Amino acid sequence: MKLPLTFAFMALTLRLTAAAVPPAVSLSNPLVFHDPNPQRYDLTARASEIDPRAKEHPEIDFVFNKDGKPQDVEQGTVDTRVKPRGELMIWLMGGGGPLFERVNSYGIHALRVHYANGWFGKFGKDPAPGDTTVDDQALGKIRLEAATGEDFSKLVEIPKPDSIMERAYQLVKHLAKVNPQGRWDYFLSADGQGLNWDRVIIAGISHGATTAARFAIYQKVARVVMFSGPRDQFETWQGLPSATPANRFFGFSHTLDGGWSGGHYCRSWELLGLHKFGPLVDVDTVPAPFGNSRRLITSADVKGNAGRAHSSSMPGGAAVKDAEGKFIHEAVWRYLFTQPVETVGAPVPPDPKCLKDLHGAPKK
């Protein structure tokens, strides 16, 4: 018997919809690579091309092209030669090539999305402006709007298609189509309408580390990795109740970095509650697993250059090498991304020197 046209159309729609949603990972569909040519994939796509809803916001320097160069190029990397851990790192800053190579070698997928971080030059150098003199969260609200596309701030307008969450989702959907060997579908939610954030590591350096922390307080994620951050020293959002358990936050900084020497990272780590999971650990003197702490620092030789110190916490040209030309912090980087989150160090009391800026007053 033939179905009426309306019901036939509905059935076809349901079949197409179901086909667009990858099957859930289960015992019958485990996360295993089936790649006839195992390799490391380094894939790129432009946000403006994979999602027609994406828009520019030149008022906060969030554009698709600048000085003749595309600005909305996004990246996804995976190594199908390595057993997958079932985690996706979303990187909140530019560059990151050497970091991506290491993360992939740990069995972690990696993304870099184009997100609205240009606003920092307009609002991020002075105490909280305008709309938040009561709760001291102006920058935090901008960060949260940039991350979610929800209307948290009166100072910017960043809709959902231009947020970190949506752009990451759209990129994962795109990669699942063009690179099925990489099993990007594993990171989509069961209904296919977003990401499964329980499988996501949110990470960044400096400005990106701060946004990663603010987002993780709002949205539960698998892990947070903060290189040279977080900051926002005039604000108190770091002490808000967090959707992501505090033991999932990991920080690493150089002691010559102005954010550390000025007490800003120390303050944020205390407000986040990281002292509950171990003391401050100098990785130059304490070997892995660093007392299972969440607060790691180094004083490695950067020739007295505070700018280099700021960038040296992550793999790259500023990172410190030994006499043989090898990076000295390989064990630190692996620890930050693979240390079991339930394995923690012994708690220590809060440091009053870090917390004296609790109400947002800048350090002298």
Side-chain angles (χ1 to χ4, degrees), residues 14-47 49-51 73-92 96-115 163-204 212 215-216 219-225 244 248 315 333-334 336-341:
L14 288 172
R15 287 199 300 273
L16 289 175
T17 301
V21 179
V25 173
S26 62
L27 291 177
S28 61
N29 182 36
L31 179 59
V32 177
F33 294 134
H34 298 290
D35 189 352
N37 184 25
Q39 60 185 285
R40 182 174 181 270
Y41 294 92
D42 192 338
L43 310 161
T44 60
R46 294 192 64 176
E49 294 177 352
I50 63 177
D51 186 357
V73 175
E74 303 180 320
Q75 181 183 19
T77 66
V78 61
D79 194 333
T80 58
R81 299 168 298 184
V82 181
K83 182 180 179 180
R85 291 178 60 90
E87 293 178 314
L88 168 68
M89 179 194 75
I90 298 179
W91 178 245
L92 302 185
L99 174 65
F100 279 36
E101 292 171 5
R102 281 157 180 78
V103 166
N104 290 160
S105 76
Y106 309 153
I108 299 170
H109 292 61
L111 286 187
R112 177 176 56 81
V113 296
H114 176 241
Y115 76 102
S163 68
I164 292 169
M165 294 184 80
E166 185 67 13
R167 291 203 173 180
Y169 165 56
Q170 294 295 332
L171 182 56
V172 169
K173 279 204 309 179
H174 170 76
L175 294 173
K177 293 177 182 177
V178 302
N179 182 231
Q181 307 96 313
R183 291 301 309 274
W184 298 92
D185 59 289
Y186 180 70
F187 303 106
L188 295 172
S189 59
D191 62 4
Q193 300 304 304
L195 295 185
N196 184 336
W197 291 97
D198 287 334
R199 296 171 179 169
V200 170
I201 299 169
I202 196 82
F215 175 67
Q219 170 66 56
K220 185 179 180 182
V221 294
R223 181 186 302 255
V224 190
V225 178
T244 301
R248 299 186 183 188
W333 299 327
R334 179 178 290 274
L336 295 171
F337 285 96
T338 65
Q339 164 76 352
V341 295

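None of the values given here were measured: they were computed from a predicted structure.
- Closest approach of Ala212 to Gly204, counting heavy atoms only: CB-N, 4.5 Å.
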Taking distance alone, no hydrogens or angles, what donor-acceptor pairs closer than 3.5 Å link side-chain atoms of residues 171-179 to residues at least two apart or in another chain?
from, atom 1, to, atom 2, distance (Å)
Asn179, OD1, Trp184, NE1, 2.9
Asn179, ND2, Gln181, OE1, 3.1

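- At least one side-chain heavy atom of Phe100 sits less than 4.5 Å from a side-chain heavy atom of Gln75.
- The shortest distance between side-chain heavy atoms of Glu101 and Arg40 falls below 4.5 Å.
- Contact detail for Thr244 and Val221: the closest heavy-atom pair is OG1-N, 3.0 Å.
- Between Trp91 and Thr77, every side-chain heavy-atom pair lies at or beyond the 4.5 Å cut-off.
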| field | Audit row: Asp79, Gln39, side chain to side chain donor-acceptor pair (under 3.5 Å) steps and yes/no | value | CA-CA 6 Å; Asp79 194 333; Gln39 60 185 285; over 6 Å; no

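- Closest of all the heavy-atom pairs between Arg167 and Ala47 is NH1-CB, 3.9 Å.
- You'll find the side chain of Leu111 stays beyond 4.5 Å of the side chain of Met89, heavy atoms only.
- Cation-pi geometry between Arg199 and Tyr186 is satisfied (NZ or CZ under 6.0 Å from the ring centre, within 45° of the ring normal).
- Shown are Asn104, Asp35, Thr80; of these, the side chain to side chain donor-acceptor pair (under 3.5 Å) with Tyr41 is made only by Asp35.
- Across Thr338, Leu88, Ile108, a single residue satisfies side chain to side chain contact (heavy atoms under 4.5 Å, CB included) together with Val103, and that is Ile108.
- For Asn196, there are no side chain to side chain donor-acceptor pair (under 3.5 Å) partners at least two apart in sequence or on another chain.
- Annotation for Ala222 and Glu87: closest pair CB-OE2, 4.1 Å, computed over non-hydrogen atoms.
- For the pair Phe187/Trp197, no side-chain contact is recorded, criterion being any heavy-atom separation below 4.5 Å from C-beta on.
- A donor-acceptor pair is defined here as one N or O able to donate and one able to accept, closer than 3.5 Å; such a pair exists between the side chain of Arg223 and the backbone of Leu336.
- A donor-acceptor distance shorter than 3.5 angstrom exists from the side chain of Glu74 to the backbone of His114, with no hydrogens or angles considered.
- In this structure Gln219 satisfies the side chain to side chain donor-acceptor pair (under 3.5 Å) test with no other residue, sequence neighbours excluded.
- Ser105 and Val82 make their closest contact through O-CG1, 3.6 Å (heavy atoms, listed as atom of the first residue, atom of the second, distance).
- Residues Phe215 and Ile164 fail the side-chain proximity criterion, which asks for heavy atoms closer than 4.5 Å.
- Aromatic ring orientation, His109 versus Phe33: tilted (interplanar angle from 30° to 60°).
- Judged by distance alone, the side chain of Tyr106 and the main-chain N or O of Phe337 form no donor-acceptor pair under 3.5 Å.
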| query | Would Leu31 and Arg183 satisfy side chain to side chain contact (heavy atoms under 4.5 Å, CB included), going step by step from the backbone distance to the final call? | reply | CA-CA 7 Å; Leu31 179 59; Arg183 291 301 309 274; 3.6 Å; yes

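- Side-chain atoms of Ile201 and Val225, non-hydrogen and from C-beta on, do get closer than 4.5 Å to each other.
- Using a 4.5 Å cut-off on side-chain heavy atoms (C-beta onward), Arg334 and Arg102 make no contact.
- Nearest approach of Ala168 to Ile90, heavy atoms of both residues: CB-CD1, 3.8 Å.
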